[in-house]
There are 2 protein chains.
Amino acid sequence: MGRLDPSLISGLAVFEGLAAMDLERIVGQARSLRIAKDQPVFEQEQEAHSFFLLLDGHVRVVKSTPDGQEVTVRYISPGELMGIAHALGRATYPANAIAAVDCVALAWPSRLWTAFASDYPSFGASTYKAVGSRLQDAHTRVIEMATEQVEQRVAHALLKLVKQAGRKTDEGILIDFPITRQNIAEMTGTTLFTVSRLLSAWEDLDLVKGGRQKVTVVAPHQLLLIAEGRAQKS
Amino acid sequence: MGRLDPSLISGLAVFEGLAAMDLERIVGQARSLRIAKDQPVFEQEQEAHSFFLLLDGHVRVVKSTPDGQEVTVRYISPGELMGIAHALGRATYPANAIAAVDCVALAWPSRLWTAFASDYPSFGASTYKAVGSRLQDAHTRVIEMATEQVEQRVAHALLKLVKQAGRKTDEGILIDFPITRQNIAEMTGTTLFTVSRLLSAWEDLDLVKGGRQKVTVVAPHQLLLIAEGRAQKS
DNA sequence: TGTGCGATTTGCGCTGGCGCAAATTGGTCG
DNA sequence: CGACCAATTTGCGCCAGCGCAAATCGCACA
């Protein structure tokens, strides 16, 4: 197992306010791992043996319903914690986490979480803050699902992806990992057909540019108008 | 201001594992207050000066969208904390909290939150666990909104209310506070018309019994079948 | 007991979005 | 370079659920 370069991670929000020595002690107890594209990082109902810090790549968090439908809860970007079931008082993971691309992550035994949180208060505080903002996100999702039309929800989802994982290209802003219409549908509670139709329509208006397993947002501002329900119908 | 009887609250989950003395110290710093029906406990965007423990009554937590629609996030029952924005790293309340009936609550200045959590670890732990379970709830809501039909969502909402605030009567289980069709609609992301139609239909089947600002569930098990999508269409 | 208002019900028409199927496209791998 | 397969597009039909309006009901208060 190779040595980790602390400079890679010293700037992360999770470790904000930690002394270099403490940081090293924490990181020193981690094991690093690679997850190949489409492989699970952890699985729903599985015992939550570890929690993770994503260093590189993108991970899709999906919940499966008893009858086989899937709902994408969120995408994890580098620098974010995942699998912190333990911090929420859970013994098992609440969802499946699947690598959207080849990923690199650090993993700690769940057991260490409590120790870290009490030994390094700023670590505990920042993770709880993270949990708080996830609760916010979840509530926002609920509001959106309850009050917005599919078109607005898909627009919001795209904008969220752009903000979180947008990479500037000469055509616009590209979502930096493979994403299918089906994936977008699972984020917004609709069907891949409807997403496809919407993207086609937007492509006609030069708001986005589609592609196989990819989406490029050309006119984020226009998209925002749609997301807010302020777009004029043609 | 009257003295509080510690025995009223010593059994609450929030204070689980606290020594009697610590409990008294915490409660001693609270101010108790009454909130009249339909009055706000706190309001969205307002600075989060206090956090609360509901002792008696029921509080509806509602988020308003910019365009005036409202979504009910949850109902608070006696024994639950509310307004813990501070614990989530927020400076303002994320929603409106309105007394569904006359209520009694304890209030502490938000500033004390951090002190309590570090001085009494079990207080911190149990509240974080509460936050965790709210995150769970929120995710469940998202899943429901994304995958279920309106009929199932309304059934789920009713069952949740029954579990949380059901009172047994000779006709069935009554939701123990005034609740309108509009309220149920705001919980499930639909319209009061649709809720009314569903309740009427269920009343014809003797699954529930309606009334002005009230609902009595007669056949919870049948309702569960509907909620799970396992009910046979007539 | 009467009055007034908010809550509820119900009819009617409409449409956003789903479901299915078939065609097409684009990438990958031998 | 060609075959194969997954992803995507698109046409078509349908219906769950919304929006509105009108009627009714039930409670609270004078």
**Q.** Intermediate values then yes/no, salt bridge (charged side-chain N to carboxylate O under 4.0 Å, His left out), A/R74 and A/E80
**A.** CA-CA 12 Å; A/R74 58 197 309 266; A/E80 291 186 78; 2.9 Å; yes
Q.
Could you check whether A/Q164 and A/S77, counting side-chain N and O atoms only, form a donor-acceptor pair closer than 3.5 Å?
A. yes
Q) Is there a donor-acceptor contact under 3.5 Å from the side chain of A/D56 to the main chain of A/V104? A) no
Q: Check whether the side chains of A/Q213 and A/T180 place a donor and an acceptor atom closer than 3.5 Å, and report yes or no.
A: no
Q.
How long is the straight-line distance from NE2 of A/H156 back to CG of A/L224, given to the nearest 0.5 Å?
A. 6.5 Å
Q. Tell me, which of residues 183-191 of chain A have any heavy atom that sits under 4.0 Å from an atom in DNA chain D?
A. none
Q.
Please encode protein proximity along nucleotides 7-12 of chain D as a string of B, S and -, counting only heavy-atom distances under 4.0 Å.
A. SSBBBB
Q | d(CD, B/Q149; P, C/dG17) in whole Å | A | 15 Å
Q) Hey, are B/T140 and B/D137 close enough side-chain-wise for a donor-acceptor pair under 3.5 Å? A) no
Q | Interatomic distance, A/I98 atom CD1 to A/Y75 atom OH [nearest 0.5 angstrom] | A | 9.5 Å
Q) Atom NZ of A/K37 and atom P of C/dG27: how far apart are they, to the nearest Å? A) 14 Å
Q) Once you round it to whole Å, what is the distance between P of C/dT25 and NZ of A/K209? A) 15 Å
Q.
In terms of relative ring orientation, are B/W108 and B/F51 parallel, tilted or perpendicular, with 30° and 60° separating the classes?
A. parallel
